[in-house]
Amino acid sequence: MKQTLGPVMLDVVGTTLTRADARRLAHPNTGGVILFARHFQNRAQLVALTDAIRMVRDDLLIAVDHEGGRVQRFRTDGFTVLPAMRRLGELWDADVLAATTVATAVGYVLAAELRACGIDMSFTPVLDLDYGHSKVIGDRAFHRDPRVVALLAKSLNHGLALAGMANCGKHFPGHGFAEADSHVALPTDDRPLDEILAHDVAPYDWLGLSLAAVIPAHVIYTQVDDRPAGFSPIWLQRILRERLGFTGAIFSDDLSMEAAREGGTLAEAADAALSAGCDMVLVCNQPEAAEEVLNALKTKPSPASARRLKRMRARGNAPKWDKLIAQPDYLRAKALLNEALG
């Protein structure tokens with residue numbers, strides 16, 4: 001059934017679709033599904049689940065947080081266990097060309113395996129700088145130097161693109177300096193705007209047209225705005241859209257996180273994020289609460305948002321798993337990973 005892509009991305013209850021899941025997926029305000037480790041038993045089951053989602057709505061974006069390291073939702077039944085991005089930064093310090101080559105291989109393997117299972121996109125890469133004191137970022141970051149972050153991310157994005165997958169940089173303008181974990185607290189960053197622009201924002205600027213999407217941080221940058229970046233027109237419109245000229249999609253971070261709960265219901269938070277400039281909002285791990293958001297949402301997606309979100313769908317026909325694992329490009333990429341990272 002074709003319809004306009006709605007502005008809410010939610011998840012499903014378990015490893016198979018329920019009638020309630022199907023009802024939520026069919027809702028006109030639904031635009032995507034995000035999957036987690038609890039949605040995975042094995043590859044056959046995962047493919048059956050994504051096929052079932054497509055039977056309800058073949059236009060929905062199916063996404064996952066699948067970065068490598070400790071944030072990788074599917075790790076068994078043939079999925080390659082991917083390195084934390086800090087490993088690529090360490091490789092850069094030893095051999096720049098090897099690091100960029102391996103980063104491309106990581107992106108390709110990551111995307112090719114997900115696409116073989118019916119998944120459109122992963123929310124990767126992390127563009128946060130590794131300041132060494134963030135409780136939630138840690139080894140998810142490539143490096144402390146924004147130039148290294150930008151170049152490794154560009155190589156990883158190239159690998160994603162080779163498999164027909166778009167990228168999504170996070171967490172704009174940067175979560176690496178704030179110490180608190182936005183899943184359980186509301187982090188703040190007290191640095192002046194010029195310092196954040198010169199360092200943390202630089203990878204977003206340098207990646208330019210190669211950056212397809214962005215997730216803003218649930219962090220308050222106290223010298224810029226009293227709202228977290230994902231609810232701030234200053235960050236999303238004045239800085240990201242106007243100053244940096246960003247034309248891709250903006251996804252909110254999970255509105256179920258503690259840092260997003262300031263001042264109201266989930267539906268009010270969703271409306272606030274969309275009004276601030278997000279194209280799609282994520283409500284994770286609460287399917288019933290997500291349905292309340294679907295029914296209460298006041299903000300309607302603009303035609304521009306719909307176009308940006310449509311560009312996030314995977315491109316081209318992906319090979320099924322049995323064919324993928326015999327392809328020379330895939331085998332070469334796997335060999336590169338094993339050789340460089342063990």
Side-chain angles (χ1 to χ4, degrees), residues 7-11 34 36 65 67 70-71 123-124 126-141 144 168-197 199-201 203-204 213-241 250-286 288-290 292-293 296-299:
V8 178
M9 179 175 280
L10 43 74
D11 56 14
I34 182 167
F36 293 94
D65 278 324
E67 303 166 9
R70 58 195 159 96
V71 182
F123 289 117
T124 189
V126 170
L127 300 181
D128 302 313
L129 305 187
D130 188 3
Y131 287 99
H133 54 233
S134 169
K135 291 181 173 64
V136 69
I137 302 304
D139 66 0
R140 296 167 66 192
R144 169 64 179 83
C168 182
K170 59 187 184 184
H171 307 79
F172 180 82
H175 202 319
F177 193 83
E179 291 190 32
D181 179 350
S182 51
H183 293 84
V184 296
L186 179 52
T188 58
D189 186 331
D190 301 326
R191 294 174 298 160
L193 175 60
D194 286 349
E195 183 177 339
I196 297 169
L197 289 174
H199 299 283
D200 302 64
V201 171
Y204 294 88
V214 163
I215 287 181
H218 285 327
V219 175
I220 294 177
Y221 303 86
T222 56
Q223 296 201 40
V224 182
D225 197 352
D226 60 2
R227 292 163 289 192
F231 301 92
S232 168
I234 295 173
W235 281 114
L236 300 187
Q237 296 181 37
R238 194 181 307 171
I239 297 175
L240 184 58
R241 291 278 188 223
I250 303 176
F251 294 86
S252 83
D253 210 341
D254 179 13
L255 297 183
S256 302
M257 291 161 60
E258 185 63 34
R261 293 181 184 171
E262 298 292 308
T265 64
L266 271 175
E268 288 167 340
D271 276 315
L274 292 167
S275 296
C278 289
D279 296 303
M280 182 172 278
V281 295
L282 275 65
V283 182
C284 304
N285 298 308
Q286 299 187 69
E288 293 80 10
E292 295 176 18
V293 174
L297 202 64
K298 295 184 175 68
T299 309

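The basis for the numbers below is simple: all heavy atoms, side chains too, and nothing from hydrogens, waters or symmetry mates. In this chain, numbering begins with 1 at the start of the sequence shown.
- The OG atom of S275 sits 11.5 Å away from atom CD of E268, with the distance rounded to the nearest 0.5 Å.
- Not one N or O on the side chain of E195 forms a donor-acceptor pair closer than 3.5 Å with the backbone of P192.
- Remark: D65 engages K170 in a salt bridge, criterion side-chain N to carboxylate O under 4.0 Å.
- More than 12 heavy-atom neighbours from other residues, nucleotides or ligands sit within 6.0 angstrom of CZ on R144.
- Taken from NE2 in H171 to CG in D200, the straight-line distance is 13.0 Å, to the nearest 0.5 Å.
- In this structure, CG on D190 lies 3.5 Å from OG1 on T222, to the nearest 0.5 angstrom.
- Panel note: side chain D11, backbone N285; a donor-acceptor pair is recorded below 3.5 Å.
- Note: F177 and Y131 have perpendicular aromatic rings, judged against thresholds of 30 and 60 degrees for the angle between ring planes.
- Checked against W235 for a side chain to side chain contact (heavy atoms under 4.5 Å, CB included), the options V224, V219, L240 give a single hit: V224.
- Between the side chain of Y204 and the backbone N or O of L127, no donor-acceptor pair lies under 3.5 Å.
- Take D271 and apply the salt bridge (charged side-chain N to carboxylate O under 4.0 Å, His left out) test, not counting sequence neighbours, and it matches no residue.
- The main-chain N or O of P187 is never found under 3.5 Å from a side-chain atom of E179 such that the two would form a donor-acceptor pair.
- Using a 4.5 Å heavy-atom cutoff, the side chains of V126 and H175 are not in contact.
- For the pair D225 (side chain) and I234 (backbone), a donor-acceptor distance under 3.5 Å is absent.
- Considering every non-hydrogen atom in both F251 and C278, the closest pair reads C-SG, 4.4 Å.
- Between I196 and Q223, the closest side-chain pair of non-hydrogen atoms is not below 4.5 Å.
- Annotation: side chain of R227 is in contact with side chain of P233 (closest heavy-atom distance under 4.5 Å).
- Shown here for F172 and A229, the closest heavy-atom pair between the two residues is O-CB, 3.8 Å.
- D254 and C284 make their closest contact through OD1-N, 3.0 Å (heavy atoms, listed as atom of the first residue, atom of the second, distance).
- Using a 4.5 Å cut-off on side-chain heavy atoms (C-beta onward), V283 and S256 make contact.
- Within the 4.5 Å cutoff, the side chain of H218 has heavy atoms near those of the F231 side chain.
- Side chain of T188 to main chain of I220: no donor-acceptor pair is present (N/O by atom type, distance under 3.5 Å, no hydrogens or angles).
- Nearest heavy atoms, A267 versus L297: O-CD1, 4.3 Å.
- The heavy-atom pair separating L266 from A289 by the smallest distance is CD1-CB, 3.7 Å.
- At distances below 3.5 Å, at least one donor-acceptor pair connects side-chain atoms of D279 with backbone N or O atoms of I250.
- In terms of heavy atoms, G230 sits closest to L236 at O-CD1, 3.8 Å.
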